[in-house]
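Written below as structure tokens is the structure these notes are about.
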Amino acid sequence: MAGLDRNNLPSRVITYWDIEDKADNNNVFASVGSKAGVPLSNFVIGENSRGMNDHIPAEPLYSSGTPFIDGSGYNVVTTPTWIVRNLAKVTNAEGDDESGSAEVSFSKGGDYAVQLLLDNSYGSHTASYPVFNITGKDSGISDIEGNERMNVYTVDGILFVEFASSGEYTVSVHDITGRLAGRSTRRMLAGDNMSISLSKGGIYVVSVEKDNQNMRTIKVLNK
């Protein structure tokens with residue numbers, strides 16, 4: 001019955017239960033449709049109000065493996081957890097199964113990887129993401145700021161470079177054989193992302209220039 005809306009059912013539907021809301025006080029789900037109010041329940045044999053054995057509606061169990069997940073009966077809540085090694089500190093972590101964010105502070109500059117654990121009552125899944133916390137030392141060139149920072153990572157075959165300060169940047173990407181896989185030059189504002197699509201998985205060498213001055217060359221793994 002996929003695609004049916006209980007509030008806009010076709011006239012040919014006689015009874016319909018979507019089982020997305022809690023059962024009533026009698027542990028019964030009532031149907032909608034041209035014949036509304038037909039009870040649906042999981043029954044057990046028990047004693048009724050007259051002291052006789054009868055089919056007694058049992059209280060539904062709202063847990064994983066039951067259909068009560070889209071409405072108010074049973075909500076599946078996904079909790080994200082960021083796992084970072086090397087004495088990193090994770091703060092302001094928030095999100096759900098669709099989006100989220102976290103701030104990660106490293107004790108020193110370098111290339112790092114983080115893991116994201118998504119966990120709910122159905123189970124858990126962990127994905128690894130290469131994240132590069134890059135700190136360039138003062139090069140002695142006046143138009144390049146000291147402690148220049150940026151984040152470099154790949155998601156679903158796309159390379160992202162996030163810049164901490166404004167400027168004109170050129171990002172060049174070569175595969176392990178030296179073949180140019182992509183290049184982009186853009187005027188970026190602080191916090192902007194530059195993205196370059198990668199055609200296949202593997203190790204790539206990423207070179208970043210700011211205002212025609214080389215900042216750093218690093219390796220990135222595209223899974």
Side-chain angles (χ1 to χ4, degrees), residues 78 80-118 124-223:
T78 301
T81 301
W82 292 95
I83 304 170
V84 189
R85 312 297 181 185
N86 302 309
L87 302 178
K89 181 180 180 181
V90 180
T91 57
N92 298 326
E94 59 182 8
D96 51 27
D97 59 329
E98 295 185 357
S99 64
S101 64
E103 295 180 6
V104 183
S105 300
F106 297 92
S107 58
K108 60 181 180 179
D111 299 342
Y112 299 95
V114 300
Q115 290 182 313
L116 174 61
L117 170 66
L118 295 178
S124 62
H125 176 72
T126 302
S128 298
Y129 300 94
V131 175
F132 299 88
N133 175 43
I134 303 171
T135 301
K137 300 301 182 181
D138 190 348
S139 65
I141 301 174
S142 59
D143 59 352
I144 296 184
E145 301 173 1
N147 294 327
E148 187 72 44
R149 296 184 303 276
M150 59 185 173
N151 291 323
V152 182
Y153 53 94
T154 61
V155 177
D156 296 332
I158 301 177
L159 173 76
F160 293 93
V161 183
E162 180 181 343
F163 305 98
S165 61
S166 302
E168 183 173 281
Y169 291 89
T170 297
V171 177
S172 301
V173 185
H174 294 79
D175 63 20
I176 200 64
T177 67
R179 183 182 64 86
L180 181 66
R183 175 177 290 148
S184 181
T185 300
R186 291 173 54 191
R187 186 76 184 176
M188 310 296 292
L189 298 176
D192 281 352
N193 281 288
M194 183 185 293
S195 61
I196 296 177
S197 296
L198 304 176
S199 59
K200 58 183 180 180
I203 298 175
Y204 290 85
V205 179
V206 181
S207 300
V208 181
E209 297 180 1
K210 178 184 179 183
D211 299 331
N212 297 319
Q213 298 293 333
N214 183 58
M215 291 182 61
R216 191 175 177 185
T217 300
I218 56 177
K219 289 182 180 179
V220 174
L221 175 61
N222 178 40
K223 292 185 177 182

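Starting from 1, each residue takes its place in the sequence as its number. None of these values were measured; they are calculated from a predicted model.
- Note that the OG1 atom of Thr126 and the CD1 atom of Ile83 stand 5.5 Å from one another [nearest 0.5 Å].
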Going through the checks in order, is the side-chain contact (heavy atoms from CB on, under 4.5 Å) test met by Phe160 and Val152? CA-CA 6 Å; Phe160 293 93; Val152 182; over 6 Å; no
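- Defined by atom type and a distance below 3.5 Å, a donor-acceptor pair is missing between the side-chain atoms of Thr170 and Lys210.
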Trace of the side-chain contact (heavy atoms from CB on, under 4.5 Å) decision for Arg216 with Val208: CA-CA 6 Å; Arg216 191 175 177 185; Val208 181; 5.8 Å; no
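- Considering all non-hydrogen atoms of both residues, Ala181 and Asp175 come closest at CB-N, 4.5 Å.
- The two residues Pro80 and Gly95 have their closest heavy-atom pair at CD-O, 3.5 Å.
- Rounded to the nearest 0.5 Å, atoms CG (Asn151) and CZ (Phe163) are 10.5 Å apart.
- Side-chain atoms of Thr154 come within 3.5 Å of backbone N or O of Leu221 as a donor-acceptor pair.
- The structure places OG of Ser195 at 8.5 Å from CG of Leu159, a figure rounded to the nearest 0.5 Å.
- Screening residues 181-201 for salt bridge (charged side-chain N to carboxylate O under 4.0 Å, His left out) gives Arg187-Asp211 as the qualifying pairs, with residues at least two apart or on separate chains.
- Rounding to the nearest 0.5 Å gives a distance of 4.5 Å between OG of Ser199 and OH of Tyr204.
- Residues Ser124 and Leu118 form no side-chain contact, since every pair of their non-hydrogen atoms from C-beta on lies 4.5 Å or further apart.
- One distance of note links CE of Met215 with CD of Glu209; it measures 10.5 Å at 0.5 Å rounding.
- In plain terms, the two heavy atoms of Ala164 and Ala190 that are nearest each other are O-CB, 3.3 Å.
- Between Ser172 and Val206 the shortest side-chain heavy-atom distance does not fall below 4.5 Å.
- A side-chain N or O of Thr217 and one of Ser207 form a donor-acceptor pair less than 3.5 Å apart.
- Residues Met194 and Met188 form a side-chain contact, since some pair of their non-hydrogen atoms from C-beta on lies under 4.5 Å apart.
- Side-chain contact between Val205 and Val173 is absent, with no heavy atoms from C-beta onward closer than 4.5 Å.
- If you take OG1 on Thr185 and CG on Asn212, they are separated by 8.5 Å, rounding to the nearest 0.5 Å.
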